[in-house]
Amino acid sequence: MPELPEVETTRNGLAPHLIGARINKILLRRPNLRWPIPVEIQTLNGQFITAITRRAKYLLMHTDAGSALWHLGMSGSLRVLDADVQPREHDHVDWQLDSGKILRFYDPRRFGCLMFQAPDTMHPLLAALGPEPLTELSSEHASPNLPEFTADYLYERSRGRSQVVKSFLMDQATVVGVGNIYVAESLFQARVKPQRAAGSLNRSECTRLVNAIQGILRHAIARGGTTLRDFINPDGAPGYFEQELFVYGREGEPCKVCGQPIKAAKLGPRQSLYCGKCQR
DNA sequence: AGGTAAACCTGGACGC
DNA sequence: TGCGTCCAGGTTTACC
């Protein structure tokens, strides 16, 4: 489901409810999501949540005794509810808080995860991630020696790569947070065809791509993310960015810039939407 | 080492 | 109405 803007929207919605709250009980309705939920997660019982941060598409909830590391996968969502709200099917995890609220994780496809990160360590899942695209939102959990996400960085990193630029940008080792929606929108705005080889990008195209990725992610965050199917923020509101999509989900519809029908191609296993006239 | 395919899951949309 | 097929916002793992 969620790309960086949806995870950031979730973080923004959760923070006022969670920061300073005490975790009274962690209820697991099943032992595993994508992976087994480690028993150490119960270390967080009785702890106070001191901060909630995001690294790539992961959310981290911190306490003095360690941190919870969440990923929402394709269909996961986190909401804060009154404690008497009955769980639905696929409501897999509840945290009961001293405020009388519960933090509830819902994830039908179970591609999400809940892991434990010990104090002053970095979970292996975070180790190979590339730079954050938005410097103003870069978390302190990124390795200090990561490069900045700039046109120079993108240009140098793409040299010699035969991989299509769309897959290259979705690779979380290149830049984090960009998934299938926002890569399509960014490539459109930068006027770059998704099937181009990454190594064929010139400096000016790298500049356009960095600007497009940053601008679109910022704009989507300001809109509360994109709601397709069932994304809602922790307070139950949808995102409003889908009204501003130029190519994603618009196969056959006229390009909002030139009027040509939007095309679809399979790149790797995934659908890629683009305009054959505007993107070169 | 880089690149690709398969794997993990469920639910909804579609065609017959 | 029912069943089979395909598709979906992600990422790891196993292979060439």
Side-chain angles (χ1 to χ4, degrees), chain A residues 1-10 29-37 54-59 69-78 88-93 105-115 123-130 133 157-187 194-200 213 216-217 220-221 223-233 238-252 264-273:
Chain A
M1 171 210 317
E3 304 181 35
L4 186 149
E6 291 74 37
V7 180
E8 188 67 22
T9 297
T10 299
R29 295 201 178 79
R30 53 175 307 126
N32 67 302
L33 298 168
R34 175 173 189 163
W35 297 293
I37 300 171
R54 179 192 56 73
R55 170 71 174 122
K57 300 172 189 171
Y58 293 91
L59 279 175
L69 177 68
W70 298 90
H71 197 290
L72 305 180
M74 292 277 264
S75 58
S77 62
L78 281 164
R88 302 166 291 177
E89 191 179 10
H90 308 304
D91 279 335
H92 303 307
V93 179
F105 180 68
Y106 169 81
D107 187 9
R109 292 181 71 179
R110 266 184 280 132
F111 286 175
C113 67
L114 170 56
M115 311 303 274
H123 195 280
L125 286 169
L126 306 181
L129 295 170
R157 182 160 177 108
S158 57
R159 293 311 84 192
R161 301 287 291 266
S162 61
Q163 189 180 31
V164 297
V165 61
K166 188 221 184 194
S167 306
F168 173 72
L169 293 174
M170 289 179 71
D171 182 346
Q172 302 295 295
T174 303
V175 61
V176 302
V178 180
N180 209 33
I181 295 179
Y182 297 113
V183 76
E185 296 299 310
S186 300
L187 285 162
Q195 46 275 78
R196 289 265 304 278
S200 76
I213 288 168
I216 283 168
L217 294 178
I221 292 168
R223 291 286 179 279
T226 302
T227 295
L228 306 174
R229 289 164 276 285
D230 61 357
F231 173 74
I232 46 173
N233 74 26
Y240 294 98
F241 189 75
E242 71 275 18
Q243 299 157 16
E244 300 172 44
L245 297 174
F246 281 84
V247 289
Y248 186 85
R250 299 192 67 243
E251 180 180 3
K266 282 265 188 215
L267 261 34
R270 308 193 65 178
Q271 185 88 275
S272 302
L273 287 304

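Keep in mind the model is a prediction, meaning the values are calculated, not measured. A note on names: the letters A, B, ... follow the listed sequences, proteins ahead of strands, and every chain is numbered from 1.
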Stacking of A/Phe111 on B/dC8 base (centres under 5.5 Å, planes under 30°): yes

For atom CG of A/Leu69 and atom C1' of C/dG10, their distance in whole Å: 14 Å

Plane angle bin for A/His92 and A/Phe105 - parallel if under 30°, tilted between 30 and 60°, otherwise perpendicular: tilted

Nucleotide nearest A/Lys57 when distance is taken to its side chain, options C/dT11, C/dC7, B/dT10: C/dT11

Length of the CG-C1' vector between A/Asp107 and C/dA8, whole Å: 13 Å

Options B/dG11, C/dT11, B/dT4, nucleotide nearest the side-chain atoms of A/Arg270: C/dT11

Under 4.0 angstrom between A/His71 side-chain N/O and C/dT12 OP1 or OP2: no

C/dC6 and B/dA6, which share atom name P, separated by this distance in whole Å: 14 Å

Steps toward side chain to side chain contact (heavy atoms under 4.5 Å, CB included) verdict (A/Val93, A/Ile37): CA-CA 10 Å; A/Val93 179; A/Ile37 300 171; 4.2 Å; yes

Closest nucleotide among B/dG3, C/dG10, C/dT12 to the A/Met170 side chain: C/dG10

Protein-nucleotide distance (A/Trp35, atom CH2; C/dT11, atom P), rounded to Å: 10 Å

CD1-CG distance between A/Ile213 and A/Leu169, expressed to the nearest 0.5 angstrom: 5.0 Å

Between B/dC8 (P) and A/Arg30 (CZ): distance, integer Å: 14 Å

Protein-nucleotide distance (A/Asn32, atom CG; B/dC9, atom P), rounded to Å: 8 Å

Intermediate values then yes/no, side chain to side chain contact (heavy atoms under 4.5 Å, CB included), A/Leu126 and A/Tyr58: CA-CA 8 Å; A/Leu126 306 181; A/Tyr58 293 91; 3.6 Å; yes

Length of the line joining A/Leu72:CG and C/dG10:C1', which is rounded to integer Å: 10 Å

Comparing A/His90 and A/Arg34 on DNA chain B - which has the more 5′ nearest nucleotide: A/Arg34

Opposite nucleotide pairing with B/dC14, Watson-Crick or G-U, both atom distances under 3.5 Å: C/dG4

Derivation and outcome, side chain to side chain contact (heavy atoms under 4.5 Å, CB included), residues A/Arg34 and A/His71: CA-CA 10 Å; A/Arg34 175 173 189 163; A/His71 197 290; over 6 Å; no

Short side-chain N/O contact to B/dG3 OP1/OP2 from A/Ser167, under 4.0 Å: no

Separation of atom CD in A/Glu251 from atom P in C/dA8, rounded to whole Å: 10 Å

d(CE, A/Met74; P, C/dC7) in whole Å: 13 Å

A/Gln172 vs C/dT11: side-chain N/O to OP1/OP2 distance below 4.0 Å: yes

Touch class at under 4.0 angstrom, heavy-atom based, for A/Tyr58 against every strand present: sugar-phosphate

Sole candidate of A/Thr174, A/Leu187, A/Val183 that passes side-chain contact (heavy atoms from CB on, under 4.5 Å) when paired with A/Val165: A/Leu187

G-U wobble or Watson-Crick pairing nucleotide for B/dC8 (cut-off 3.5 Å, both distances): C/dG10

N or O in side chain of A/Arg109 less than 4.0 angstrom from C/dA8 OP1/OP2: no

